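The shown structure was predicted, so the numbers you read here are calculated from the model rather than taken from an experiment. Every chain is numbered from 1 and lettered A, B, ... according to where its sequence line falls, protein lines coming before strand lines.
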Amino acid sequence: MAMRDPVQGKVGRKDDMRFLLKQMMQIRAFEDKVFELLARDILKGASHVYAGQEAVAVGAMQAITDKDLITSTHRGHGHCLARGGTLKLMLAELCGKETGYCRGRGGSMHIADVNAGNLGATGIVAGNIPVATGAALACKMRNQGQVVLCFFGDGASNNGTFHESLNMAGVWKLPIVYIIENNLYGMSVSVKRACAVQDIATRSSAYAMDGVIVDGQRVLDVQATVAEAVKHAREGKGPMVVEAKTYRYRGHSRSDPRVYRTKEEEAYWHDHDPIKLFRELLAAQKVMTEAEMDAVEAEVDQEMAEAEKFTLDESAYPPAEAVFEDVYAGWIQGKYGLEPIQK
Amino acid sequence: MAMRDPVQGKVGRKDDMRFLLKQMMQIRAFEDKVFELLARDILKGASHVYAGQEAVAVGAMQAITDKDLITSTHRGHGHCLARGGTLKLMLAELCGKETGYCRGRGGSMHIADVNAGNLGATGIVAGNIPVATGAALACKMRNQGQVVLCFFGDGASNNGTFHESLNMAGVWKLPIVYIIENNLYGMSVSVKRACAVQDIATRSSAYAMDGVIVDGQRVLDVQATVAEAVKHAREGKGPMVVEAKTYRYRGHSRSDPRVYRTKEEEAYWHDHDPIKLFRELLAAQKVMTEAEMDAVEAEVDQEMAEAEKFTLDESAYPPAEAVFEDVYAGWIQGKYGLEPIQK
Amino acid sequence: MAQAFYREAIRDALAEEMRRDPRVFVMGEDVAIYGGAYSATKGLMEEFGEDRVRDTAISEAAIAGAAVGAAMAGMRPVAEIMYFDFMTIAMDQFVNQGGKNRYMFGGKTTVPMVLRTEGGAGRCIAAQHSQSLEAWFTHAPGVFVVAPATPADAKGLLKTCIRDDNPILFIEHKMLYGVKGEIPDGEHLVPLGKAAIRQEGSDLTIISYSRMANTCAEVGKKLAADGISAEVIDLRSLKPLDTRTILESVRKTGRVLLVSEACSNTNFVCEIAMRINEHAFDYLDAPIVRVCAADVPVPMSPTLEDAAIPNPDRIMEAARKLAKGEV
Amino acid sequence: MAQAFYREAIRDALAEEMRRDPRVFVMGEDVAIYGGAYSATKGLMEEFGEDRVRDTAISEAAIAGAAVGAAMAGMRPVAEIMYFDFMTIAMDQFVNQGGKNRYMFGGKTTVPMVLRTEGGAGRCIAAQHSQSLEAWFTHAPGVFVVAPATPADAKGLLKTCIRDDNPILFIEHKMLYGVKGEIPDGEHLVPLGKAAIRQEGSDLTIISYSRMANTCAEVGKKLAADGISAEVIDLRSLKPLDTRTILESVRKTGRVLLVSEACSNTNFVCEIAMRINEHAFDYLDAPIVRVCAADVPVPMSPTLEDAAIPNPDRIMEAARKLAKGEV
Ligand SMILES: Cc1ncc(C[n+]2csc(CCOP(=O)(O)OP(=O)(O)O)c2C)c(N)n1
Ligand SMILES: Cc1ncc(C[n+]2csc(CCOP(=O)(O)OP(=O)(O)O)c2C)c(N)n1
Ligand SMILES: [Mg+2]
Ligand SMILES: [Mg+2]
């Protein structure tokens, strides 16, 4: 098995391009709002924001169909949105409101929409790699042509579950694409200091899998490269690894002073901003005018404002009495312990 | 990083060669006795026997010095003997006698001699890979030129701890040599069905480490190859992986009918028996005569008989009252819970 | 009623459910060609093929996690962790993902999976192959815990567990596989959360589960011969727990002996004691007594293993003292 | 006596022990450059260098296991698992190897290591970042469990743990790092296995540990204002456990309230209840009462998180009822 070359994405129909642009802008706007609400202490808890990495989720998700499945990470807002999530239900979830995707039980780190094929974010780094692999096993056994996209970070690739899962997928030739979002850091620890190899996709060889490295800032390249990997998986040729080189703009948490990296490095990546690059491409290829693109941004701002209003003004917290609901399917806490729910 | 070629071992001084031969014979004799005592139900518990793999432990252990450390596996008798263990104390341990290495608390799966640099066997497959890696970290920090040999099987290489540990050793350039005893099966599951790659040493590339594959049936090749890896590690060049291709003769447990492998395959490996091959070499190179070698075997039989006598006739079981001893250093179970041991 | 070994009961339950529901499949180390370390999956590969009976690598985290994912994606996996002791490696996947996904996701998913494992001491295989770790799982929200003592319960409960929509830890016992018992003919299902009263009695209540439930049943008989009337309860499910049956018995006897093969400190039986204390305090005529394993890693040596694990004599002695008011 | 934050107390304990003993070193995720997710290792890398303060990859099993190996090979590691919830990944290495090697090897090795971690709820960070899993470890033979509530105890106990020859799980609490308290000057060591009586009293005994011990201390004061005299015990070490202090108090008050932030079912406080039942049954004037977390994955939403975790009001109410004989 060897390292493949990434596939270069070509500009497509205007509608499609507008959709990609809009999704990236939605994610960016969402994350900006999240940061603001965190600062205002309206949003509780921890939120790991996706700003900077938008092209990965948005590009990758274009490569699959509705019936396919994904698993996400602690940095899951981008995946959720790109998989078809709405700003409203996402923000409501982050704010712990009953109207959110998980009825406020999960929050940022557990945002999920299982019925729509997003098997969820996880607070455990690398925690979803086995889960995704099992989902791919189900896909294979059910034999309806589904594939799984499993997202995770560079840091996650040093966890044991990465190894066990990729080996399992390799042996069983499961229809899954592992998408490593290598943003150069796991929290404060750089890939250089945490990971014995710098190109994580090369690890695919340990599982007799193909690997490919793609520029994670270019949404069309991500789309095309993942599409090829998905095709490979869907055709029964087995799993693949796609490593997208990318960058997160924000600190790991709101209080993170980012001492572990330089201003120059940050500037370099802001220069390679996925939205900026895509706008430049669309303008250069005359797919959309600046004005048209600004209009998309304005539309997104509007939607974001509505989502904020929905969340803060129109959504309630779950009632305290609901605390025991939905731990078990069919059972609920009673006076003496768990009792079957009477139907 | 690349795969290295194994080093070919040369026949050395007669005394040394006699020592290697004797150790291999001791292990074989020990394992035959173990099987016999299991069948007679004198030996309780599970024993994973090393017969067939003798050249690996014996050869590898020649490559290190007294101050170095090793970790072993559930198949640990060979490592213990080759690291300087005596048949008496080993057999006593397996039989759960107070005179054994672990005073009968550990038995086969936990045989250890920490003071002699054998940090022990473990019942958890792959369980000692992190422990060995931590020991290597200690060696590096203490800076006294020690190295660690970490033994484990093909099956263990599919466990998450393999990945996490080798990555840690790779990043920190720890003085450790990972010795994979690839005997083609993890219990009943062949490497073909469990492991996405067949040459496990190639996985070293995922950790920026050198790997090398050696014929595990040729004790001198193992010795020379491991010696080179140890030198590499001791000089601060970082960890290495050595994969020894080998075979276990016996079933995984006494009741294992070995349906997962063929009689032909077994015959092939018996034909490549490590003791047989070494005897042929010593004879061909006129280092030892057949008679001399037979004399070694007789000596070993005699020792084995003494070990049996020691264990069965001269050694007692630990007293039941001792059950609470040595769980904690400095504390013991009292009426109300743990109490400090009064000095 | 036919006689069958516990291991056959397990296998039959698996086979029946696999025949009934194509979503059910089996995976784990050495479950296919080998038929399971304790032969509880023997013959399944031959009947259902390698697709539905899967040998895995030695990757406990991936086994448990893959079961979680497969369950969420529409299958009903029955995964095996060969020894309870190795659940230490699968904890995150089973407890943090499997047990919590439903709740974290607002009730919008189910994780219908069974994780079969096998625990307990008795074979002199020492500290990493003899543990009983059920207390970790009764403490973990989102997962059920089942530990049958008889072939009939093993069969009936395993079938029920496979049909249930929750992640369930199904704990077998290494010393029970070779035990024979009657199994009701036809479709045999045992409900979750219902204890079995193995013997009725009025002087004291002995509560246990898994292998120790059988030991307690024997002790109960011997006590009867001595004129002591013990009610012996076999919990079968530890979560959901049949608190009502326990309380009824305690209200009758006023004396309770709890028996478990797991380490004493923070043993699951402490939860039982706590519930009795909460709901039947005034009925207690004596302190609740526990006979559990010593708080030590299970030693290999037979003399020490026996000293570490509850045996019939010690249970009997504790029961006698309790019944005679000597506690 | 100087004032210090809990997080500073931890850091000072580490720094002092590292200065005293060159074998002591620190490793974990983000402990070096970042100074720890909760800033408890800030400044250590600057003083002791990257060799003795090591950032690791996200490899919890290897972190715990490497600590075990380093300890057996002559060092005294203090490893960090960033959230208690991630101990699920390190269970095998810590519990099966770290906790058992000494016993399995016949007492011929020691494993002097501290695994620092941080648990508890209160930050709305949901089910995988809010757990209190101490019950798993009190149930695991071979390891000690320590959970300090105050800066002084955090410092004094951490120093003691580093000097102790056993593998110790040292549990900090995420809501305590920013709490200030007095710390005795000079060498300050707190012994293992000694509870602190935070308030003396005669009407009931409230027993807790970690953050909840502080909450209980406050509740104790408020109860005093209502004329209820509560003895408030902060266990500090859960294993070894100061059973004597507990029993003395129970013999005096006859009423016991147990408080823990961990899930109720098989909570560690059940072990305390069991010991009280075993050794002071006749002194009990009422059932032992527990206030623990609901048996649910910790929900993110603030209303639900508050409902799931014991709060001062619920503890107060339970204490009042108990004191007034309404239980
Ligand atoms: C098992 C586990 N270990 C540690 C953490 C704490 N943590 C949260 S995010 C993170 C970094 C993850 O790095 P990476 O996988 O590269 O993803 P990124 O945050 O860069 O997107 C860490 C260490 C965690 N949540 N889970
Ligand atoms: C973590 C764990 N999983 C499973 C087992 C059961 N088991 C014992 S030995 C073995 C096979 C190990 O294979 P390998 O590592 O190749 O070593 P070998 O037995 O071939 O020497 C298995 C599955 C175990 N002891 N530990
Ligand atoms: Mg990263
Ligand atoms: Mg093998």
Side-chain angles (χ1 to χ4, degrees), chain A residues 69 71 93 98 100-107 109-115 119-124 127-142 146 148 159-161 163-169 171-172 318 325-331 334-340, chain C residues 22-23 25 27 51-52 54 56-75 77 79 89 92-93 96-113 141-144 164-166 191-193 239-244 246-247 275 279:
Chain A
L69 304 172
T71 66
E93 184 54 35
E98 182 73 30
Y101 273 111
C102 304
R103 301 170 53 226
R105 274 67 170 171
M109 276 194 285
H110 308 294
I111 197 156
D113 189 4
V114 175
N115 295 332
L119 301 190
T122 177
I124 304 293
N128 262 347
I129 313 181
V131 175
T133 304
L137 173 60
C139 293
K140 184 171 174 135
M141 293 182 76
R142 287 153 56 96
Q146 293 165 285
V148 178
N159 197 278
T161 54
H163 181 68
E164 295 190 1
S165 304
L166 270 72
N167 184 58
M168 181 179 273
V171 170
W172 289 345
E325 276 171 22
D326 290 323
V327 181
Y328 301 93
W331 294 77
K335 182 173 176 203
Y336 298 110
L338 294 171
E339 315 255 331
Chain C
R23 297 170 303 174
F25 72 99
M27 67 175 161
D51 195 43
R52 289 180 72 195
R54 290 180 173 261
T56 66
I58 304 170
S59 306
E60 280 79 9
I63 293 168
V68 173
M72 289 174 72
M75 300 296 287
I89 307 174
D92 180 62
Q93 291 298 312
N96 271 339
Q97 323 290 339
K100 297 187 180 134
N101 277 357
R102 177 177 173 75
Y103 191 82
M104 293 191 306
F105 298 168
K108 295 185 182 169
T109 191
T110 54
V111 188
M113 63 175 278
V143 304
F144 283 166
D164 190 89
D165 274 337
N166 293 289
L192 287 167
K239 194 166 38 139
L241 181 68
D242 189 353
T243 316
R244 284 171 213 275
I246 294 170
L247 295 179
R275 291 196 191 185
H279 300 295

### Task
Would you mind telling me which of C:Leu192, C:Thr110, C:Ile63 has the largest number of heavy-atom pairs within less than 4.5 Å of chain A?
C:Leu192
### Query
Between C:Pro77, C:Pro22, C:Ala66, C:Gly107, which has the largest tally of heavy atom pairs under 4.5 Å with chain A?
C:Ala66
### Query
Could you give the distance from CG (A:Asn159) to OG (A:Ser165), rounded to the nearest 0.5 Å?
9.0 Å
Using non-hydrogen atoms and a 4.5 Å limit, figure out which bit of [X] sits close to chain A: side chain, backbone, both or neither.
{"X": "C:Arg52", "answer": "both"}
{"X": "C:Asn96", "answer": "side chain"}
{"X": "C:Asp242", "answer": "neither"}
{"X": "C:Val143", "answer": "backbone"}
{"X": "C:Ala57", "answer": "side chain"}

### Message
I need the minimum non-hydrogen distance between A:Leu338 and C:Pro240, along with the two atoms involved.
### Response
CB-CB, 3.9 Å
### Closest non-hydrogen atom pair between C:Ala64 and C:Gln93, with its separation
CB-CB, 4.0 Å
So which part of [X] gets closer than 4.5 Å to some heavy atom of chain C, the side chain, the backbone, both or neither?
{"X": "A:Leu119", "result": "both"}
{"X": "A:Tyr328", "result": "both"}
{"X": "A:Val327", "result": "both"}

Report, one line per pair, each donor and acceptor closer than 3.5 Å where one atom sits in a side chain of residues 131-139 of chain A; sequence neighbours left out.
| residue | atom | partner | partner atom | Å |
| --- | --- | --- | --- | --- |
| A:Thr133 | OG1 | A:Ile129 | O | 2.7 |
| A:Thr133 | OG1 | A:Tyr178 | OH | 2.8 |

### Task
Could you check which of A:Ala329, A:Ala112, A:Gly100 has the highest count of heavy-atom pairs closer than 4.5 Å to chain C?
A:Ala329
### Task
Name the member of A:His163, A:Glu339, A:Lys335, A:Glu98 that forms the most heavy-atom pairs with chain C at distances under 4.5 Å.
A:Glu339
### Query
Can we say C:Lys108 and A:Asp113 salt-bridge, meaning some charged N sits less than 4.0 Å from an Asp/Glu carboxylate O?
no
#### Entry: Short N-O contact, C:Arg102 and A:Glu325, less than 4.0 angstrom
no
### Query
Is the A:His110 to C:Phe105 ring centre distance short of 6.0 Å?
no
Can you list, pair by pair, the side-chain donor-acceptor contacts under 3.5 Å of residues 68-75 of chain C, counting residues two or more places apart and other chains?
none

